[in-house]
Number of protein chains: 2
Amino acid sequence: MTIATHDIRLASNADPASRTKRDAILDAAAAIFSQQGFAGASIDAIAVKAGVSRQTVYNQVGDKEKLFKAMVAELTQRSSAGFFRVLDTFPISPTNLQSELVDFACRLLRTYSCDPNSRWLIKLIENEASRYPELFEVWKEYGPGRKYPAIAARLAQLALAGLIELDDPILASRQFMALLTAEIRTDVLMGKQPSDAEIDRIATNAVTTFLKAFAARGHGAPGLG
Amino acid sequence: MTIATHDIRLASNADPASRTKRDAILDAAAAIFSQQGFAGASIDAIAVKAGVSRQTVYNQVGDKEKLFKAMVAELTQRSSAGFFRVLDTFPISPTNLQSELVDFACRLLRTYSCDPNSRWLIKLIENEASRYPELFEVWKEYGPGRKYPAIAARLAQLALAGLIELDDPILASRQFMALLTAEIRTDVLMGKQPSDAEIDRIATNAVTTFLKAFAARGHGAPGLG
DNA sequence: GACGAATTAGACAATATTGTCCAAAATTTT
DNA sequence: AAAATTTTGGACAATATTGTCTAATTCGTC
């Protein structure tokens with residue numbers, strides 16, 4: 001039942017007994033820190049949200065800085081795990097490229113933009129990166145440093161199969177993600193959750209444009225508008 | 001010398017005498033607030049950075065909340081003005097679409113991503129939007145609410161001239177901007193300023209993919225690839 | 001140079017937070 | 001049930017910040 005499929009050298013603890021309590025604290029910390037910022041988040045508020053006493057926070061995790069780092073490590077792990085779980089469903093040999101890629105994009109959008117872990121993580125990194133450069137480096141290694149190459153590899157397979165045409169898979173992967181997250185960025189910044197229909201529409205738009213740009217010109221791409 | 005070309009009903013003050021001092025305060029506030037967050041920014045730090053005494057901050061702008069709102073209003077105005085100044089250089093009737101659009105994209109990238117005003121504003125909105133929903137609404141009206149339609153109108157002109165092919169100009173404008181900001185988002189989050197060469201490369205990549213996706217299929221797009 | 005307005009440095013109370021300590025209570029283990 | 005460990009709630013000093021007040025100083029203007 002090890003969750004860490006792509007295991008990360010970040011969080012590593014024993015104590016299966018206090019796991020739940022520690023997790024509750026880290027969950028609460030993620031919510032409060034990402035909402036209030038590092039300075040604005042008070043240990044008291046986190047303790048209350050976690051349903052523990054303040055002293056327990058100090059016992060389990062340590063001071064504010066340790067708490068912050070432990071929480072970011074936890075979020076990084078969860079977010080990364082979720083991403084790669086979805087990536088495993090990439091349509092490598094699709095019968096209908098357009099529709100299967102749209103389905104994949106929907107799944108990605110759901111875990112990338114609707115999962116609180118990922119949203120919080122992004123916000124926290126954006127805000128406190130300058131305060132903790134080493135945290136930023138670790139995130140960059142496990143976030144963009146792995147996600148884009150992983151997508152690029154899948155796209156390269158499609159290109160090899162002659163389904164699309166690419167020069168630079170890494171660039172294509174970045175553009176794929178950019179198109180995908182283009183429309184929701186603004187809304188998702190607030191708590192707004194896009195509906196299923198909206199996610200579908202966004203994914204369709206992104207994939208359509210992506211396939212138009214990278215269509216295999218050799219044998220004429222099927223039904224693209 | 002009225003800067004407000006697309007004048008905004010936000011900041012409006014008289015006092016040309018204390019203008020410079022007030023501006024220094026708002027500048028400092030923008031830097032500190034965006035770096036430290038609302039809670040983490042201290043009035044003292046802002047006063048020091050502005051080169052004024054704390055009391056002057058209170059005299060000129062008011063308490064912390066008023067200072068924050070005034071600063072966001074100012075940034076919104078500056079950012080918007082800068083954007084529309086660049087937009088006026090959009091190549092509506094280009095002789096070489098690709099290269100002129102790349103040049104335009106470079107200019108946009110420079111003001112959109114390298115100008116501290118815009119960067120700070122985005123960060124502040126992202127962070128404190130939930131704290132000040134009314135501020136978020138105003139920004140949305142003057143930011144995305146005007147920028148995307150404005151770009152969409154230019155793209156529609158290109159489409160009308162038969163240079164590109166679009167169904168949904170608004171969607172295309174969002175995707176254009178998404179492709180443009182795809183590669184720098186991560187780096188720009190930190191203080192990192194992309195070099196001129198890098199900006200050029202990014203703009204070229206974005207425009208190339210955009211034109212591949214939206215090429216006029218009727219008379220074969222010129223030299224794309 | 002003199003006048004009025006703005007600015008400064010610092011004091012000040014009120015408030016909030018951090019991190020520690022401790023004894024009572026609850027929980028888990030033996 | 002007894003013992004060991006964890007958790008709790010509150011007290012506590014140390015520190016930082018906010019916003020106000022005041023007296024001295026500087027600045028712009030006549």
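Computed from a prediction, not measured in an experiment: that's the story for all the values here. Just so it is clear: chains get the letters A, B, ... in the order the sequence lines come, proteins before strands, and each one is counted from 1.
- One atom, NZ of Lys21(A), and another, C1' of dT6(D), lie 8 Å apart when rounded to the nearest Å.
- Between Arg107(A) and Asp88(A) there is no salt bridge, since none of the side-chain N atoms of the basic residue sits less than 4.0 Å from a carboxylate O of the acidic one.
- Taking the charged nitrogens against the carboxylate oxygens, Asp196(A) and Arg110(A) do have a contact shorter than 4.0 Å, which makes a salt bridge.
- Between Phe214(A) and Leu158(A), every side-chain heavy-atom pair lies at or beyond the 4.5 Å cut-off.
- Between dT8(C) and Thr56(B), a contact under 4.0 Å exists linking OP1 or OP2 to a side-chain N or O.
- The Lys64(B) side chain lies nearest to dT18(D) when the options are dG9(D), dT18(D), dT7(C).
- For the pair Asn59(B) CG and dT8(C) P, the interatomic distance rounds to 9 Å; values are reported in whole Å.
- Nucleotide dT7(D) holds its P atom 8 Å from the CD1 atom of Ile25(A), rounded to whole Å.
- Taking 4.0 Å as the cut-off between side-chain N and carboxylate O, Arg174(B) and Asp168(B) do not count as a salt-bridged pair.
- Here dC22(C) presents its P atom at 17 Å from OH of Tyr58(A), a figure rounded to the nearest Å.
- Whole-Å rounding puts the Gln60(A) CD to dT6(D) P distance at 9 Å.
- Residue whose closest nucleotide on DNA chain C sits further toward the 5' end, between Gln55(B) and Arg54(A): Gln55(B).
- Using a cutoff of 4.0 Å between basic side-chain nitrogens and carboxylate oxygens, Arg131(B) and Glu65(B) are not scored as salt-bridged.
- Annotation: proximity of residues 29-51 of chain A to DNA chain C (heavy atom, distance under 4.0 Å) is found for Ala41(A), Ser42(A), Ile43(A), numbered in ascending order.
- Here the P atom of nucleotide dT18(D) and the CG atom of Asp63(B) are 11 Å apart, to the nearest Å.
- You'll find the side chain of Lys64(B) reaches within 4.5 Å of the side chain of Phe38(B), heavy atoms only.
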